[in-house]
Asker: 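Here you go, one structure.
Scope of the values below: all heavy atoms of this structure, side chains included, with no hydrogens, waters or symmetry mates. Protein chains get the first letters and strands the later ones, always in sequence-line order, with residue 1 at the start of each.
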Protein chains: 2
Amino acid sequence: MATGRTHRPATRSRGIPEATVARLPLYLRALTALSERSVPTVSSEELAAAAGVNSAKLRKDFSYLGSYGTRGVGYDVEYLVYQISRELGLTQDWPVVIVGIGNLGAALANYGGFASRGFRVAALIDADPAMAGKPVAGIPVQHTDDLEKIIQDNGVSIGVIATPAGAAQQVCDRLVAAGVTSILNFAPTVLNVPDGVDVRKVDLSIELQILAFHEQRKAGEESAADSPLPGAAAAARKASAADQGPDGDVPAVMPA
Amino acid sequence: MATGRTHRPATRSRGIPEATVARLPLYLRALTALSERSVPTVSSEELAAAAGVNSAKLRKDFSYLGSYGTRGVGYDVEYLVYQISRELGLTQDWPVVIVGIGNLGAALANYGGFASRGFRVAALIDADPAMAGKPVAGIPVQHTDDLEKIIQDNGVSIGVIATPAGAAQQVCDRLVAAGVTSILNFAPTVLNVPDGVDVRKVDLSIELQILAFHEQRKAGEESAADSPLPGAAAAARKASAADQGPDGDVPAVMPA
DNA sequence: CAATCTTTGTGCACGCGTTCACAAAGACAT
DNA sequence: ATGTCTTTGTGAACGCGTGCACAAAGATTG
């Protein structure tokens with residue numbers, strides 16, 4: 001799920017597989033928790049359980065970073081926290097701009113986890129002139145007109161798009177033109193970006209639809225052969241209208 | 001990325017690969033847009049471009065659903081919209097509860113894309129007694145005490161967790177015990193669920209960290225051998241200090 | 001009806017990611 | 001020191017997902 005438009009070159013970045021990179025933050029979180037409890041070392045087994053992954057996978061993941069473990073003992077928590085942080089680039093400060101300060105943008109601005117890991121909200125940007133100057137999460141909202149200047153003045157390379165779908169591509173283009181090379185997209189649109197720019201997307205609607213698919217499948221199996229699940233409840237699942245149109249016809253469905 | 005804790009059995013659900021399922025919502029969105037423009041048919045090439053994927057991949061994806069295309073012509077937009085909707089289970093109504101009505105939960109409640117695709121916010125739940133009764137997005141917030149009753153009365157099978165990390169597992173357990181079998185988790189924690197329960201997670205912090213990794217890599221290459229990118233700007237990237245906050249935990253995220 | 005042109009559906013090969021299983025490394029006890 | 005025990009690091013096998021490339025299917029034209 002890296003690039004939105006361009007095919008991901010599966011950039012085996014510096015030898016570290018993409019799948020591993022995606023898990024490093026997970027490990028880091030688990031390690032940070034251990035660190036706060038002053039736990040000195042962890043075995044791959046324990047840490048894997050905490051991170052919700054397979055221990056062999058975890059060991060292989062760490063092996064890409066180097067050999068930081070001690071056989072018979074495990075991994076030094078503090079050392080590993082540092083190594084992963086460094087690998088992820090969290091030992092430096094990343095100024096971030098959020099574009100689109102609606103409900104979501106505001107929630108993101110208030111999001112505590114931002115500052116905690118080296119990310120700093122450098123600016124909030126919105127197209128609505130009425131928002132200009134209004135502080136959100138203690139930061140005054142600035143107008144889209146100044147987007148380029150804001151990016152450049154703050155040396156921002158990571159942008160967060162929380163605008164409506166219709167405005168996303170345009171905002172994206174401006175961000176990229178101004179020098180942003182990494183984008184986190186919350187708008188439900190496919191963003192078109194040039195090579196060298198990374199896009200990650202977060203889409204509630206898509207996640208729900210995927211869940212619905214599996215949910216439907218479960219419900220189907222359930223009625224076919226009675227629930228193979230340990231199910232805590234087999235109540236009146238699946239609420240109201242179970243339409244399920246005829247087959248070769250065009251019913252009405254709809255978009256967001 | 002289905003189950004949080006338990007290893008995903010790579011459930012080739014009903015023959016449709018997980019990777020394909022994850023793309024269906026993308027196709028559906030693109031098709032819906034075409035439908036609104038009254039475009040009667042699309043070729044795999046066009047649709048693939050709109051969805052940001054490879055055309056061969058798209059054709060193979062559709063082949064799992066059956067043969068809905070016409071050689072020499074393409075796919076019938078309306079028909080495909082219907083088929084995908086049906087496959088994803090969007091032809092039925094899915095009541096959803098959102099637990100944790102903070103900044104994020106409120107933003108989710110206000111999220112328009114919810115109702116649009118068969119999802120209906122059946123209830124908002126929060127642990128803060130002060131929130132009880134207060135309407136958010138036109139829906140009165142209810143107290144956690146009534147969680148089980150709410151789930152059962154509404155036949156809810158999909159739950160959204162937008163609580164702080166500390167409360168997430170507990171809320172999750174109660175949801176599952178009450179009959180929820182699909183969870184969308186916005187809290188930055190690994191959720192432990194029994195088999196048969198699907199968990200998908202959305203975590204802003206993780207996404208940003210992954211972007212930071214690639215950003216750092218780009219910056220590294222850039223200084224090593226001058227920017228191989230078409231880069232629109234090579235300004236003063238990479239900002240200030242190298243702090244690395246102590247950090248405890250992080251909240252979550254969401255789409256517009 | 002035959003020829004041509006377009007576009008689907010898919011066989012095949014390749015590469016990434018996951019998992020198993022085990023040898024090597026080191027801690028620890030005697 | 002020597003042996004035992006624990007845990008890492010990784011070689012190897014396997015399976016999934018991706019993309020190429022092409023044959024088959026159907027539309028379309030003459």
Side-chain angles (χ1 to χ4, degrees), chain A residues 1-3 5-24 26-27 31 39-77 79-80 83 210, chain B residues 1-3 5-24 26-27 31 34 39-77 79-80 83-84 210:
Chain A
M1 304 189 163
T3 61
R5 170 84 221 72
T6 48
H7 321 164
R8 177 193 18 200
T11 325
R12 176 66 67 88
S13 323
R14 199 303 220 33
I16 301 181
E18 190 60 30
T20 295
V21 172
R23 279 188 293 268
L24 290 181
L26 229 50
Y27 301 145
L31 285 164
V39 177
T41 60
V42 261
S43 67
S44 62
E45 203 67 52
E46 293 167 319
L47 186 54
V53 302
N54 180 296
S55 70
K57 193 188 294 188
L58 179 142
R59 288 198 298 276
K60 183 148 288 189
D61 282 343
F62 285 175
S63 79
Y64 292 116
L65 308 183
S67 292
Y68 297 144
T70 304
R71 294 169 194 237
V73 176
Y75 298 91
D76 182 280
V77 173
Y79 188 57
L80 208 43
Q83 290 299 342
I210 295 172
Chain B
M1 286 148 198
T3 63
R5 170 83 223 72
T6 49
H7 320 165
R8 173 190 26 193
T11 325
R12 176 67 66 87
S13 326
R14 199 298 223 34
I16 301 181
E18 190 59 30
T20 295
V21 172
R23 280 188 295 269
L24 291 181
L26 229 51
Y27 301 145
L31 285 164
L34 291 172
V39 177
T41 60
V42 261
S43 68
S44 62
E45 203 66 54
E46 294 166 319
L47 186 54
V53 302
N54 180 296
S55 71
K57 193 187 295 186
L58 178 143
R59 287 197 299 275
K60 184 151 290 187
D61 283 343
F62 285 176
S63 78
Y64 292 116
L65 308 184
S67 291
Y68 298 144
T70 304
R71 297 173 192 233
V73 176
Y75 298 90
D76 181 281
V77 173
Y79 188 56
L80 208 42
Q83 290 298 342
I84 295 179
I210 295 172

Asker: What nucleotide among C:dG17, C:dA27, C:dG9 has an atom nearest to a side-chain atom of A:V73?
Answerer: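 Closest nucleotide among those given: C:dA27.
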Asker: Can you identify which nucleotide, out of C:dT19, D:dG19, D:dG9, has its nearest atom closest to the B:N54 side chain?
Answerer: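 So the side chain of B:N54 is nearest to D:dG19.
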Asker: Can you list the residues that meet the salt bridge (charged side-chain N to carboxylate O under 4.0 Å, His left out) rule with A:R59, with sequence neighbours excluded?
Answerer: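 A:R59 satisfies salt bridge (charged side-chain N to carboxylate O under 4.0 Å, His left out) with no residue once adjacent residues are dropped.
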Asker: Between C:dT8, D:dT18, C:dG9, spot the one nearest the side chain of B:R23, thanks.
Answerer: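 The listed nucleotide nearest to B:R23's side chain is D:dT18.
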Asker: Tell me whether the OP1 or OP2 atom of C:dT8 has a side-chain N or O from B:S44 closer than 4.0 Å.
Answerer: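 Yes, B:S44 has a side-chain N/O under 4.0 Å of OP1/OP2 on C:dT8.
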Asker: For the pair made of CG in B:D61 and P in D:dG19, what is the distance, rounded to whole Å?
Answerer: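 Checked: the CG to P distance equals 11 Å.
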Asker: Is there a donor and acceptor pair, one atom on the side chain of B:R71 and one on the base of C:dT7, closer than 3.5 Å?
Answerer: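 By the distance-only test, no, there is no pair.
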Asker: Using the ring pair (Phe, Tyr, Trp, His ring centres under 6.0 Å) criterion, which residues pair with A:F62? Sequence neighbours excluded.
Answerer: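 For A:F62 the ring pair (Phe, Tyr, Trp, His ring centres under 6.0 Å) partners, ignoring immediate neighbours, are A:Y27, A:Y75.
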Asker: Can you tell me how far C1' of D:dT7 sits from CG of A:L58, to the nearest Å?
Answerer: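 Rounded to whole Å, this separation is 12 Å.
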Asker: Quick one: A:Y75 OH to D:dT7 C1', roughly how many Å, whole number?
Answerer: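 Atom-to-atom, A:Y75 to D:dT7, this comes out as 9 Å.
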Asker: Specify the separation, in whole Å, of atom CZ of B:R59 and atom C1' of D:dG17.
Answerer: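 About 16 Å, once rounded to whole Å.
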Asker: Classify the nucleic acid contact of B:F62 as base, sugar-phosphate or nothing, counting any heavy atom under 4.0 Å across all strands shown.
Answerer: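 It contacts nothing in the nucleic acid.
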Asker: Whole-Å distance between C:dC16 P and A:Y64 OH?
Answerer: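 Answer to the nearest Å: 10 Å.
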Asker: Would you mind telling me which residue lines up with the more 5' stretch of DNA chain C, A:A56 or B:Y68, judged by nearest nucleotide?
Answerer: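 Looking at DNA chain C, the more 5' nearest nucleotide goes with B:Y68.
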Asker: Heavy atoms from C-beta onward define the side chain here; which of D:dC20, D:dG9, C:dG17 lies closest to that of A:P17?
Answerer: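 Minimum distance to the A:P17 side chain belongs to C:dG17.
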Asker: Whether the side chain of A:K60 and the base of C:dT19 hold a donor-acceptor pair under 3.5 Å is what I'd like checked.
Answerer: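 It does, because a donor-acceptor pair links the side chain of A:K60 to the base of C:dT19 below 3.5 Å.
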